[in-house]
Number of protein chains: 2
Amino acid sequence: MGHSSATTFRGADVDLEMANQIAEAMQALATPSRVLILARLLESSCSVTELAEAVGMEQSAVSHQLRILRLLRLVVGERDGRNVLYALHDSHVGVLLEESANHVAHLRLADDEAAFAE
Amino acid sequence: MGHSSATTFRGADVDLEMANQIAEAMQALATPSRVLILARLLESSCSVTELAEAVGMEQSAVSHQLRILRLLRLVVGERDGRNVLYALHDSHVGVLLEESANHVAHLRLADDEAAFAE
DNA sequence: TGCACGTATGAACAACCATTCATGTAGTGT
DNA sequence: ACACTACATGAATGGTTGTTCATACGTGCA
């Protein structure tokens, strides 16, 4: 049951097409609003209105961003009465978010060490 | 010697400031040119001119993007005579790239399964 | 010192994008 | 059918950004 690549990742494998796909996918996390939306959905799936007030955006803006995240296969929406319940597309999205957060934490750590040295 | 967070990642930890930081960091991977540059540097460090012809961009464009990647702490540059040798800032950047590539591979896999089912 | 090479940077421009506003569509209850 | 709620979408827009062109800076060499 592996979803991780068995072979070690080499930069030479990244051709122009793959670079485009990676860039397109990563653009999903390139805006604070989408990060907030995904982070909220990582906690639990919820409706658009809940999402809107959770992240402090207008409903329309949230719907627009959800559309993008849907097309990028990061979230899925399912009707439930008048509401549409959104959820992360799969667990791998959570991994991506976590790795990103891990990265910024890594940077902050380096900052602290630099401040310590001066 | 852990650089991975010990506690499990929760979406509730992501406030507005952290979302901004994550988004800013992930914007580095949100363009094909930068992905190609990072992928090339993952293979080995090299000069700006080498980088330019490796990814098929003009030297000026590469320098501009390198400046961004430098500010985001994803690469480091060191003078060597007339050249400036660029390298990934640390190994964690490679992890980020790999995880991104992993994600798109995951998507392609899902596509294949969908085509299989129809 | 002068020149060539490698790199960085500022300005300009075109393309892209996130948000807002207005409006449309779908579902629920009366 | 009507009203109301929840969500989606098109157009307009202000802001951002990647690239190009021109030019400046730094370095080694003759």
Side-chain angles (χ1 to χ4, degrees), chain A residues 16 19-41 44-87 89, chain B residues 14 16-17 19-41 44-87 89:
Chain A
L16 181 58
N20 273 292
Q21 292 179 342
I22 292 179
E24 190 182 42
M26 286 305 102
Q27 214 165 9
L29 302 180
T31 203
S33 56
R34 285 197 287 266
V35 170
L36 285 174
I37 289 175
L38 292 174
R40 172 61 187 82
L41 291 181
S44 71
S45 56
C46 69
S47 71
V48 178
T49 306
E50 278 178 290
L51 218 34
E53 53 190 48
V55 303
M57 298 172 56
E58 293 197 1
Q59 174 267 319
S60 177
V62 173
S63 276
H64 276 293
Q65 299 308 317
L66 282 174
R67 184 176 131 88
I68 296 176
L69 294 174
R70 236 166 39 216
L71 295 177
L72 290 175
R73 317 278 275 281
L74 292 178
V75 303
V76 284
E78 183 190 7
R79 285 217 83 112
D80 177 35
R82 316 194 211 202
N83 302 330
V84 174
L85 296 181
Y86 276 89
H89 185 278
Chain B
V14 181
L16 182 57
E17 185 189 343
N20 274 292
Q21 292 179 340
I22 293 179
E24 190 181 42
M26 287 305 104
Q27 215 165 5
L29 302 181
T31 204
S33 56
R34 285 197 287 266
V35 170
L36 285 174
I37 290 176
L38 292 175
R40 171 61 187 82
L41 291 181
S44 72
S45 56
C46 69
S47 71
V48 178
T49 307
E50 279 180 290
L51 218 34
E53 52 190 47
V55 303
M57 298 172 57
E58 294 198 0
Q59 174 268 320
S60 177
V62 173
S63 275
H64 276 294
Q65 298 309 315
L66 282 174
R67 183 177 134 85
I68 296 176
L69 294 174
R70 237 166 38 216
L71 294 177
L72 291 175
R73 318 277 276 280
L74 292 178
V75 303
V76 284
E78 182 189 6
R79 285 217 82 111
D80 177 34
R82 314 196 216 205
N83 302 330
V84 174
L85 296 181
Y86 275 90
H89 185 277

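Here is the naming used below: chain letters follow the sequence lines, and residue numbers restart at 1 for every chain. Note that the coordinates shown come from a computational prediction; the quantities given were computed from them, not determined experimentally.
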Query raised in the report: Can you find a side chain N or O atom of B/Asn83 that sits less than 4.0 Å from OP1 or OP2 on C/dT7?
Result: yes

**Report entry** Nearest to side-chain heavy atoms of A/Arg82, which nucleotide of D/dC4, D/dG18, D/dT9
**Finding:** D/dC4

Report summary line: Of the candidates D/dC7, D/dT19, D/dC21, the side chain of A/Val84 sits closest to D/dC7

Requested in this report: Give a yes/no answer on whether the side chain of A/Tyr86 brings an N or O atom under 4.0 Å of OP1 or OP2 in D/dA6.
Outcome: no

Query raised in the report: Roughly, in whole Å, what's the span from CG in B/Leu69 to P in C/dA8?
Result: 12 Å

Query raised in the report: What's the CG-C1' distance between A/Asp80 and D/dA6, to the nearest Å?
Result: 12 Å

Report summary line: Side-chain contact check for B/Ser33: nearest option of D/dA8, C/dT19, D/dG18 is D/dG18

Report task. For the pair B/Arg70 (side chain) and B/Leu74 (backbone), establish whether a donor and an acceptor sit closer than 3.5 Å, ignoring hydrogens and angles. Result -> no

Report summary line: From the candidates C/dT7, C/dG27, D/dT20, the one with an atom nearest any side-chain atom of B/Thr49 is C/dT7

Report summary line: When every non-hydrogen atom of B/Ile37 is compared with those of B/Leu66, the smallest separation belongs to CG2-CD2, 4.0 Å

Query raised in the report: Given atom CD of B/Glu58 and atom C1' of D/dT23, what is their separation to the nearest angstrom?
Result: 14 Å

Query raised in the report: Are any of the side-chain heavy atoms of B/Leu41 and B/Leu51 separated by less than 4.5 Å?
Result: yes

Query raised in the report: To the nearest angstrom, how far is A/Met26 atom CE from D/dT17 atom P?
Result: 18 Å

Query raised in the report: Are a donor atom and an acceptor atom from the side chains of A/Ser63 and A/Gln59 found within less than 3.5 Å of each other?
Result: yes

Query raised in the report: Closest to the B/Arg34 side chain: C/dC21, D/dG26, D/dG18?
Result: D/dG18

Report summary line: The reported gap from CG in A/Leu38 to CG in A/Leu29 (rounded to nearest 0.5 angstrom) is 6.0 Å

Query raised in the report: Which nucleotide in the set C/dT9, D/dC7, C/dA18 lies at the smallest distance from any side-chain heavy atom of A/Gln65?
Result: C/dA18

Report summary line: Rounded to whole Å, the CD-C1' distance (A/Gln59 to C/dT23) equals 12 Å

Query raised in the report: Can you find a side chain N or O atom of A/Ser47 that sits less than 4.0 Å from OP1 or OP2 on D/dC7?
Result: yes

Query raised in the report: So, is A/Gln27 near the phosphate of C/dC16, with a side-chain N or O under 4.0 Å from OP1 or OP2?
Result: no

Report task. Using whole Å, report how far CE of B/Met57 lies from P of D/dC21. Result -> 13 Å

Query - Under-4.0 Å side-chain N/O to phosphate OP1/OP2 contact, A/Thr31 with C/dC17 - result: no

Query raised in the report: CG of A/Asn20 versus C1' of D/dG18: gap in Å, rounded?
Result: 14 Å

Requested in this report: Rounded to the nearest angstrom, tell me the gap between atom CZ in A/Arg67 and atom P in D/dA11.
Outcome: 12 Å

**Report entry** CD on A/Gln27 to OG1 on B/Thr31, rounded to 0.5 Å
**Finding:** 7.5 Å

Requested in this report: Output yes when at least one side-chain N/O atom of A/Arg70 is less than 4.0 Å from OP1 or OP2 of D/dT9, else no.
Outcome: yes

Query raised in the report: So does B/Ser60 reach the base of C/dT7 with its side chain, donor to acceptor, closer than 3.5 Å?
Result: no

Query raised in the report: For A/Ile68, which contact category applies under a 4.0 Å heavy-atom criterion: base, sugar-phosphate, or nothing?
Result: sugar-phosphate

Query raised in the report: According to the 5.5 Å centroid and 30° plane-angle thresholds, does B/His64 stack upon the nucleobase of D/dT19?
Result: no

